[in-house]
Number of protein chains: 2
Amino acid sequence: MPVARLVMRSALPGTVFEGPGVIWCRLRSEESVDAVLKVVDRAGGQPLVLLCDEPNESLVMQALALGAAGCCNTHAAPDVLRQVALVVSNGGLWVGQSLLKKLVGVTSQRLGQLPPEGKSDDWSALLSERESQVARLVAAGSSNREIADQLAITERTVKAHLTAIFEKLGLRDRLQLSLRINGLKI
Amino acid sequence: MPVARLVMRSALPGTVFEGPGVIWCRLRSEESVDAVLKVVDRAGGQPLVLLCDEPNESLVMQALALGAAGCCNTHAAPDVLRQVALVVSNGGLWVGQSLLKKLVGVTSQRLGQLPPEGKSDDWSALLSERESQVARLVAAGSSNREIADQLAITERTVKAHLTAIFEKLGLRDRLQLSLRINGLKI
DNA sequence: GAATCTATTGAACCAAAGTACAGCCGGCGG
DNA sequence: CCGCCGGCTGTACTTTGGTTCAATAGATTC
């Protein structure tokens, strides 16, 4: 009951409304996320939920990155909003199903890459340190020229490393290497 | 009250216990996440929470990637577990504070890299049917020759489709296309 | 000290990827 | 009917990727 009323009132442009344990904040289409979040006083670390007219993934990510506990459609059903309130007021994070999948997928691969010595991925064990650097840059989409500049070596040397990498891992080209490094292919 | 009792019983090694709206599953130190999650029957899409003796970031990420709604310490305080139950039974995701920060941080960084107004899966909407087929094959690591054979067209035509794809998605080469298709660039 | 591994580079070369500038055909909407 | 778009292809070209001959130098190991 309180949640529904909160939403009704927070639907007014620019309105910030504080409910039991949750701060709701309406974000109009033309407003930027950081600008709005900056002016909201978050006393006591209360979770904040953004209400957007047209939420999209990049917007939601931005909101989460800036400390919001969730972001959902202004015109979402009251039941949904009640659930959101319940989740975030208990320290949870409200993420849409599709975004969640993507976010977790990307990040888990990313975390797996970051520790140079950490994980089981055989490629890092098979390659020398320098070769691993080159491999990572290739997997991120860089060209030989870019890699050469970044590592301050010749493009020729980059090619030499790549030839060695392909040989060691039994791969054909940089695309297959990318799939291997990113954990998408054996 | 029910939550506390659930946890007590699910603390037995390998035990899977179903509470009101939540499935709890104990993960022992020597067990692998995917092995355990694979055998759990998730009827009705109920959220599942993993209870680990020594949770770490990579473990939690793995659990989330495999569809768990959360992962917390087996010996967590009853109050915490009650909150977790509340959050996930309402469709929320339970992420520890420190991990949350890291997760959002890493992902938001990548948002800054590729601003050109593209969500990660708008590609299928922007491309024609034939172009999508080519894009998928490229993302899987196929060469132009292989794609041509597979689609029973000329290598020249494959190149034509690729040129159109690069233009439409604002990409440079097949490697970047692969990253885009595989959701590694947002 | 010889052998081995790694990093680095050069010149030349082949192959694959990608672009530029075309053309042909079929369907579809005004 | 005509313009537009999607699919398909050709010739010729530039760029990038990758290999095959090398060679030099430091570090490590036996």
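Everything numeric in this text was worked out from a predicted model, so none of it was measured. Order of the sequence lines sets the chain letters (A, B, ...), proteins ahead of strands, with each chain counted from 1.
Atom CD1 in B:Ile165 sits roughly 13 Å away from atom C1' in D:dG6 (whole-Å rounding). Rounded to a whole Å, the CD1 atom of A:Ile147 is 13 Å from the P atom of D:dT16. Distance CG (A:Leu127) to C1' (C:dA7): 14 Å, rounded to an integer number of Å. We find that CD of A:Glu129 is positioned 17 Å from P of D:dA27, with the value rounded to whole Å. Rounded to a whole Å, the CZ atom of A:Arg130 is 19 Å from the P atom of D:dA25. If you measure from atom NE2 of A:His161 to atom P of C:dA7, you get 6 Å, rounded to the nearest angstrom.
Of the inter-residue distances, the one linking A:Gln150 atom CD with A:Gln133 atom CD reads 10.0 Å to the nearest 0.5 angstrom. Here B:Leu127 contributes atom CG and B:Arg136 contributes atom CZ; the two are 9.0 Å apart, rounded to the nearest 0.5 Å.
Side-chain N/O atoms of B:Thr154 include one lying less than 4.0 angstrom from OP1 or OP2 on D:dT9. Taking side-chain N and O atoms only, A:Thr157 has a distance below 4.0 Å to OP1 or OP2 of C:dT9. Side-chain nitrogen and oxygen atoms of A:Ser128 include none within less than 4.0 Å of the OP1 or OP2 phosphate oxygen of C:dC5.
Proximity of a side-chain donor or acceptor of A:Arg174 to a complementary backbone N or O of A:Ala135 within less than 3.5 Å is not detected. Between the side chain of A:Glu146 and the main chain of A:Ser143, a donor-acceptor pair closer than 3.5 Å is present.
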(message) For a quick check, with a 4.0 angstrom heavy-atom cut-off, what is the B/S/- contact string for nucleotides 11-24 of chain C, read 5' to 3'?
(response) B-----BBBBB---
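Two residues are said to be in side-chain contact when any heavy atoms from C-beta on lie closer than 4.5 Å; A:Leu162 and A:Leu177 meet this criterion.
Donor-acceptor pairing under 3.5 Å is lacking for the side chains of A:Glu129 and A:Ser132.
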